[in-house]
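Residue numbers begin at 1 in each chain, while the letters A, B, ... track the order of the sequences.
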Amino acid sequence: MRSSWADSVVNSAAENAAAGSLANAGVGTTSAPTRTSYVPPHLRNRTPSADPPAPAYSGPASGGGTRWGGPRNDLNRSGFSTGGRGGGWNSRSGGWDRGKEREVNPFGDDDNAEQVDSEQENTGINFDAYEDIPVETSGDNVPPPVNTFAEIDLGDALNQNIRRCKYVKPTPVQRHAIPISLAGRDLMACAQTGSGKTAAFCFPVISGIMKGQFVQRPPRGARTVYPIALILSPTRELSCQIHEEARKFSYQTGVKVVVAYGGAPIHQQLRELERGVDILVATPGRLVDLLERARVSLQMIRYLALDEADRMLDMGFEPQIRKIVQQMDMPPPGVRQTMLFSATFPKEIQRLATDFLSNYIFLAVGRVGSSTDLIVQRVEFVQESDKRSHLMDLLHAQRANGVQVKQSLTLVFVETKKGADSLEHWLYMNGFPATTIHGDRTQQEREQALRSFKSGNTPILVATDVAARGLDIPHVGHVVNFDLPNDIDDYVHRIGRTGRAGKSGLATAFFNENNSSLARALADLMQESNQEVPAWLSRYAARSSYGGGKNRRSGGGRFGGRDFRKDTSFNRGNTDYYSGGNSSSLYGASGGYGGGYGPGVTSAWD
DNA sequence: AAAAAAT
């Protein structure tokens, strides 16, 4: 049985489904297929007279609905009975009772949002660490930030979940991104994970789905589902994590969140989809599969969010993303609302991303604890042949220091999958319980490894870059870059696995001649974040030509990126990007934003 | 050159 709220509201629009592209080929409906054109969300659900032509559907499935949701009184009449569900957003206080018992409580508490669970410590965020974060916004008519959740009308159910999550007040990225998103604007946001970024794009989407009336469902029996929001991420584990968070936020809102990713049996995911989906969280490959099977249609997408957007648009992913966003049945920019989030945003990628955006706002949020350096970064010169024994020394020292194994996890990044396996084996042989996560392992093994690491069962995780981005693993006290990445942005993401949510952390890197191309960027980054830069590293940095190449900091300064529309070298002859009304605002205690790549400015990361 | 992402 379908159980997304949308299904409960209306079961209609057979003619649209029948007319809709490939998705419904062969799916028989009893109504005459009436070709209708796409109706943008802002034009839907007006008064009956403003609606598109009269509903044509008179099939056997229901007593009839209207296309695009129809007027509210109509929803109240037909929708509730067909779904057997109560409530709508206009009668929310009395509504949504059905399904409450059946929805698994993702908080694991007794359903009382007000109850304080003292056992469940630190699920929240250290908000004190966010006080003086610099924030920069640019674009036309930027909506002002909010200071409290109360200022925004997200709805009772969502507010209750916010309390359950112990979010007391919005983080900087939430303060700025939520009003922008609620205003319906497209957004390119440079913000650290672990500071409530997922919530920043989930809250407005959930709230919008709850309040919106853009409802569209295929006729009963059609196996195609029509999510209203799509969230894409570059790794399966990250998609899982976003799904888990989104489920908390949407608990008892009636908004249904489903995740789809590869490496896992597709049938269970298909079953979940058939039960109804409003928000689909997915990795690109599996989504393409679902689209080609016509099990998912993007026709009704109103919100598109790309997490780790710079990764999603880099060489490896770009074709797939273009296919999903531009070559299937997704509404174009300006019709859908698009939000791109990442901790780093190279300018080349920003330019690429404009293909997906419409009159967007750029938002940059400085690093967590920019004034207090929550992550201590160390670089040590270690020859390849000495790396293992050097790592062993670090681990022994850690153990000797009485760092509780269960309390402090160590994440070791290596360059290759083979290298990960062999290092894990060697560690294990030497008495350090370790596991590994990389793309050559089965999905089951990957998820098992992550669970085992998180639980402290194997407090050392050897990982490739599959674990570099977005994963929120509490208690990672130490990130070791056993092999340094070639790109400074990857380094930034990797060390961001520690020092999460305002907590402190340590990052150690093993550097040798093989990494000389990274020297300059690494030295700059460390200096910008007030780290001690070894003299030998500075010498390497001075020797290496800057070249303006890949390792140049994408944003410089305190942010993970700056709005490339302000960079003349990217705008020569393109006055569009200068189109007036560029408003810019700077919040924070660190003084005016200097711009450029000058030294001495605190760096942004993650 | 490596990593990730569908079967």
Side-chain angles (χ1 to χ4, degrees), chain A residues 193 230-243 258-270 273 280-296 298 306-325 327-328 342-344 346 349 384 411-424 436-447 449-450 461-471 481-494 497 510 512-518 549-551:
Chain A
T193 48
L230 176 64
I231 300 172
L232 292 173
S233 96
T235 66
R236 298 162 180 174
E237 287 77 13
L238 186 51
S239 280
C240 285
Q241 179 182 302
I242 294 166
H243 173 243
V258 176
V259 67
Y261 56 89
I266 200 169
H267 296 291
Q268 198 181 334
Q269 293 172 8
L270 287 173
L273 286 170
L280 177 58
V281 184
T283 48
R286 178 54 61 89
L287 177 61
V288 168
D289 189 9
L290 292 168
L291 291 169
E292 285 172 349
R293 292 174 189 229
R295 298 301 294 263
V296 171
L298 302 177
L306 302 192
D307 202 4
E308 310 297 340
D310 61 335
R311 170 63 83 232
M312 302 303 282
L313 296 176
D314 81 6
M315 283 205 320
F317 273 118
E318 192 205 337
Q320 270 181 304
I321 301 302
R322 282 199 188 276
K323 176 168 188 174
I324 292 167
V325 179
Q327 289 157 34
M328 304 304 287
S342 182
T344 52
I349 304 283
E384 288 297 328
L411 181 51
V412 182
F413 281 104
V414 296
E415 197 59 21
T416 66
K417 294 178 277 195
K418 266 180 65 182
D421 279 337
S422 98
L423 180 59
E424 181 242 349
T436 182
I437 185 168
H438 60 68
D440 272 356
R441 303 200 81 192
T442 67
Q443 192 55 27
Q444 248 187 347
E445 289 171 327
R446 284 165 59 160
E447 286 172 21
L450 204 51
L461 179 64
V462 183
T464 59
D465 269 330
V466 69
R469 284 171 170 262
L471 293 188
N481 273 292
F482 188 90
D483 301 319
L484 272 164
N486 294 314
D487 190 316
I488 192 66
D489 283 345
D490 291 333
Y491 173 84
V492 163
H493 284 273
R494 285 179 178 188
R497 296 318 98 206
F510 296 172
N512 60 40
E513 294 89 350
N514 299 334
N515 311 114
S516 41
S517 70
L518 193 71
K550 206 180 172 214
N551 286 327

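Annotation: ring-ring contact (aromatic ring centres under 6.0 Å, His included) contacts of A:F510 (sequence neighbours excluded): A:H390, A:F482. Applying the salt bridge (charged side-chain N to carboxylate O under 4.0 Å, His left out) criterion to A:R286, with sequence neighbours excluded, gives no partner residue.
Of the side-chain N and O atoms in A:K417, one or more sit less than 4.0 angstrom from OP1 or OP2 of B:dA4. Close to B:dA4, at under 4.0 Å from its OP1 or OP2, lies a side-chain N or O of A:T464. When the side-chain nitrogen and oxygen atoms of A:T235 are compared with OP1 and OP2 of B:dA5, none of them lie within a distance under 4.0 Å. OP1 or OP2 of B:dA6 lies within a sub-4.0 Å distance of a side-chain N or O belonging to A:R236. Dashed line: the shortest gap from a side-chain N or O of A:R446 to OP1 or OP2 of B:dA5 is under 4.0 Å.
As rounded to whole Å, 9 Å separates atom C1' of B:dA5 from atom CD1 of A:I321. Between the CG atom of A:D483 and the C1' atom of B:dA3 there is a distance of 13 Å, rounded to whole Å. Rounded to an integer number of Å, the gap from CG of A:L484 to C1' of B:dA3 is 16 Å. For A:D307 and B:dA5, the CG to P distance is 14 Å, given to the nearest whole Å. Straight-line distance from the CD atom of A:Q269 to the C1' atom of B:dA6: 11 Å, rounded to whole Å. Remark: P of B:dA2 and NZ of A:K418 are 10 Å apart, rounded to the nearest angstrom. Between A:L313 atom CG and B:dA5 atom C1' there is a gap of 14 Å when expressed in whole angstrom units. Across the protein-nucleic acid pair, A:F317 atom CZ and B:dA2 atom P stand 18 Å apart, rounded to whole Å.
Between A:D289 and A:R293, at least one side-chain nitrogen of the basic residue sits less than 4.0 Å from a carboxylate oxygen of the acidic one, meeting the salt-bridge criterion. At a threshold of 4.0 Å, the pair A:R469-A:D310 counts as salt-bridged, since one of the basic side-chain nitrogens sits closer than that to a carboxylate oxygen.
Counting non-hydrogen atoms under 4.0 angstrom, A:D465 reaches nothing in the nucleic acid. A:G262 comes within 4.0 angstrom of sugar-phosphate atoms only, judged by non-hydrogen atoms across all strands, and of no base.
In summary, of the residues considered (A:E308, A:R322, A:R311), a side-chain contact (heavy atoms from CB on, under 4.5 Å) with A:F317 occurs for A:R311 alone.
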